[in-house]
Amino acid sequence: STTLTATAGLGTYEWGTGATVGSNIIAGATSNTYTTPNLASTTTYWVRVKATSPCTTDSAGITRTVTVTAAPVAPTTITGTNSICSGTSTTLTATAGLGTYEWGTGDTVGSNIIAGATTNTYTTPNLSSTTTYWVRVKGASPCGDSAGITKTIMVTLSVTAPTEIVVMSGSAISNCEGNMITIKAV
């Protein structure tokens, strides 16, 4: 809601809605201020001063439009792979949000913002450690940003191939049939 105030008028006021003064009169709105109900859409209000006897002509009216900006719709889920191998990336998708998105890293929504990540999808860089991502929808002024949600991507270390086989101390590389040799991959 918002409060509208008419100035410099003298007498009993009359408020209404619409672009045409005199239409859609708001019952009981007779002072120089009027507080609107909570609005879901942009609405035009008018105000004038009512004539008092013996005068019969109301004053000219004036109009004011109250612009309503839609609140951002928060995303409800982040889809994408929950676990990846070290050195790989994944694409995350925020669902059910409406507006311009904002992505970041960490457990706190609003911290570590990722520059340029403004759509509902975000492809991570190649990750080497478990990382938490968050997403929210930016609100247009005067509305604030939506609530945010988080998703943690678990990173598993990639396997590496052994580089050599060594013979353990006490074992020989040449041995008689039936004897055991201890070797180790490193």
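- Considering every non-hydrogen atom in both Val73 and Ser146, the closest pair reads C-CB, 4.3 Å.
- To the nearest 0.5 Å, atom OG1 of residue Thr2 and atom CZ of residue Arg64 are 10.0 Å apart.
- Residues Tyr122 and Ile114 meet the side-chain proximity criterion, which asks for heavy atoms closer than 4.5 Å.
- Pairing each heavy atom of Trp46 with each of Gly18, the nearest pair is CD1-O, 3.4 Å.
- In this structure, OG1 on Thr90 lies 9.5 Å from OH on Tyr133, to the nearest 0.5 angstrom.
- Across all non-hydrogen atoms, the minimal contact from Lys151 to Thr81 is CE-O, 4.0 Å.
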Determine, step by step, whether Ile149 and Thr76 satisfy the side-chain contact (heavy atoms from CB on, under 4.5 Å) criterion, reporting the C-alpha distance in whole Å, the side-chain angles of both residues, the deciding distance to 0.1 Å, and the verdict. CA-CA 7 Å; Ile149 54 176; Thr76 56; 5.7 Å; no
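- Rounded to the nearest 0.5 Å, atoms OG (Ser1) and CG (Leu39) are 8.0 Å apart.
- No donor-acceptor pair closer than 3.5 Å links the side chain of Ser128 to the backbone N or O of Gly87.
- Of the N and O atoms on the side chains of Thr121 and Thr93, not one donor lies less than 3.5 Å from an acceptor on the other residue.
- A donor-acceptor pair shorter than 3.5 Å can be found between the side chains of Thr77 and Thr95.
- Counting all heavy atoms, side chain and backbone alike, Ala74 lies closest to Ala147 at CB-O, 3.6 Å.
- Side-chain contact between Ser83 and Thr156 is present, with at least one heavy-atom pair separated by less than 4.5 Å.
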side-chain contact (heavy atoms from CB on, under 4.5 Å) for Ile153 and Leu92? Distances and angles first, verdict last. CA-CA 10 Å; Ile153 308 302; Leu92 305 174; 3.7 Å; yes
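- Tyr101 has its side chain out of reach of Thr118: every pair of non-hydrogen atoms, C-beta onward, lies at least 4.5 Å apart.
- For the atom pair OG of Ser129 and CE of Met154, the computed distance is 10.5 Å after rounding to the nearest 0.5 Å.
- At a cut-off of 3.5 Å, with distance as the only test, a side-chain donor of Thr152 or Thr132 sits close to an acceptor on the other residue.
- Between the OG1 atom of Thr130 and the CD1 atom of Ile84 there is a distance of 9.0 Å, given to the nearest 0.5 Å.
- Using a 4.5 Å cut-off on side-chain heavy atoms (C-beta onward), Pro142 and Thr69 make contact.
- Counting only distance, with no hydrogens or angles, the side chain of Trp103 and the backbone of Thr119 share a donor-acceptor pair below 3.5 Å.
- Nearest approach of Gly139 to Asp145, heavy atoms of both residues: N-OD1, 3.0 Å.
- Put simply, the side chain of Val21 reaches to within 4.5 Å of the side chain of Thr63, judged on heavy atoms.
- Between Cys143 and Ala70, the closest heavy-atom pair is SG-O, 4.0 Å.
- The CG atom of Asn32 sits 11.0 Å away from atom CG of Leu10, with the distance rounded to the nearest 0.5 Å.
- With a 4.5 Å cut-off on side-chain heavy atoms, Thr124 and Thr131 do not count as touching.
- Side-chain contact, Thr35 with Thr3: a donor N or O sits under 3.5 Å from an acceptor N or O.
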